[in-house]
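Before any comments, here is the structure.
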Amino acid sequence: MNRRRAIQQAHERAQVEAFITWLNSRYRARYEVVAEPNPPEAIIRSGRTTRWVEVTDAFWNDAFAQDEYSYATPGEKHKPIGNGPFVEPDAQFAARFVDAVRKKLEKTSYLPSVQAYGPGYLVVPIMYPLFNSHSLWYMKQIWASTQINDLGYFRSIYMSVQMGRGPIVRWSEYGRAANMAVQQTAYGGHPSSPG
């Protein structure tokens, strides 16, 4: 395994752990990781309830992703993003967020997990240091105008804001009620799929 992949896996594990901590606190559950098949990042269980979690980063742009990963990867020379100027960074980030989520919603490789455990959770670390309400406005605008072939494999989408350090916030534009029809069509529904 290359050094950067090891860093990415550690980051994904940390995101799953932060999400589980939040989920347990919020819903008085006791989820813990029971497998890491990749995909998805983790199979989690609390009592008799089993779920799955996938993580995808939403980076500001390629240069910022390179900056972050080169800084974190031992033995790799740091390649900073530079001083700018940066034109329309909120719009640029919002488009990257929507594209990252769209790719996960359209990915077919989650079907075995869905068939075994029902729809999963998608956790999206927001890797954008300028994130604010203006960024969120752009995200909603681009989301509303983007054609997405949602396969119905996710029960909900959560953002881990502040550069992936939390807090965990549900992406309200992806609603479970609107998603139910897609799930029914995609795999005949999963009658034991709790919210």
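All residue numbers in this chain count up from 1 along the given sequence.
The pair Glu76-Arg3 does not meet the salt-bridge criterion, since no charged nitrogen lies less than 4.0 angstrom from a carboxylate oxygen. Asp99 has a carboxylate O that lies under 4.0 Å from a charged side-chain N of Arg102, or vice versa, which qualifies the two as a salt bridge.
At least one side-chain heavy atom of Pro37 sits less than 4.5 Å from a side-chain heavy atom of Ile43. A heavy-atom distance below 4.5 Å is found between the side chains of Glu106 and Ile148. Between Pro129 and Phe64 there is a side-chain heavy-atom pair separated by less than 4.5 Å. Put simply, the side chain of Val161 reaches to within 4.5 Å of the side chain of Pro167, judged on heavy atoms. Counting only heavy atoms from C-beta outward, the side chains of Tyr128 and Arg96 never approach each other to under 4.5 Å. Put simply, the side chain of Gln92 does not reach to within 4.5 Å of the side chain of Phe86, judged on heavy atoms. Here the side chains of Arg26 and Ile168 are not in contact, with every heavy-atom distance at 4.5 Å or above. Under the 4.5 Å side-chain criterion, counting only non-hydrogen atoms from C-beta, Ile81 is in contact with Asn61.
Here CD1 of Ile7 is found 11.5 Å from OG of Ser70. Values are rounded to the nearest 0.5 Å. Here OG1 of Thr73 is found 9.0 Å from CD of Gln66. Values are rounded to the nearest 0.5 Å. Going from atom CG of Asp67 over to atom CE of Met127 covers 10.0 Å, rounded to the nearest 0.5 Å. Atom CD of Gln8 and atom CD of Glu12 lie 4.5 Å apart (nearest 0.5 Å). To the nearest 0.5 Å, atoms OH (Tyr117) and CZ (Arg45) are separated by 6.5 Å. The structure places CZ of Phe59 at 6.5 Å from CD of Glu68, a figure rounded to the nearest 0.5 Å.
The two residues Ala100 and Asp57 have their closest heavy-atom pair at CB-O, 3.8 Å. Gly166 and Ser160 make their closest contact through N-OG, 3.3 Å (heavy atoms, listed as atom of the first residue, atom of the second, distance). Of all the heavy atoms in Asp90 and Asn132, the pair that sits closest is OD2-OD1, 4.1 Å. The minimum heavy-atom distance between Pro89 and Trp60, with the atom names listed, is CB-NE1, 3.6 Å. Minimum heavy-atom separation, Met139 to Val98: O-CG2, 3.9 Å. Residues Pro119 and Trp52 approach most closely at C-NE1, 3.6 Å, considering heavy atoms.
Remark: aromatic rings of Phe154 and Trp171 are distant, center separation not under 6.0 Å.
Tyr69 and His11 have perpendicular rings, their planes meeting at more than 60° on a 0 to 90° scale where under 30° would count as parallel. Relative orientation of the Phe93 and Phe131 rings is perpendicular, given thresholds of 30° and 60° on the angle between their planes.
The hydrophobic clustering, which links ILVMFWY residues whose side-chain heavy atoms are closer than 4.5 Å, places Val124 and Tyr110 together. Val114 is connected to Ile157 through a chain of hydrophobic side-chain contacts under 4.5 Å among Ile, Leu, Val, Met, Phe, Trp and Tyr, so both are in one cluster.
Other residues, nucleotides and ligands place more than 12 heavy atoms under 6.0 Å from the CZ atom of Arg4.
Thr21 contributes a side-chain N or O that, together with a main-chain N or O of Glu17, makes up a donor-acceptor pair within less than 3.5 Å.
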Worksheet entry | Verdict with supporting geometry, Ile44 and Leu23, side chain to side chain contact (heavy atoms under 4.5 Å, CB included) | CA-CA 11 Å; Ile44 61 174; Leu23 196 63; 4.0 Å; yes
Item to complete: Begin from the C-alpha positions of Leu105 and Tyr174 and carry the test side chain to side chain contact (heavy atoms under 4.5 Å, CB included) through to its verdict.
Response: CA-CA 11 Å; Leu105 295 178; Tyr174 185 76; 3.8 Å; yes
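Between the side chains of Glu54 and Tyr153, no donor N or O sits under 3.5 Å from an acceptor N or O.
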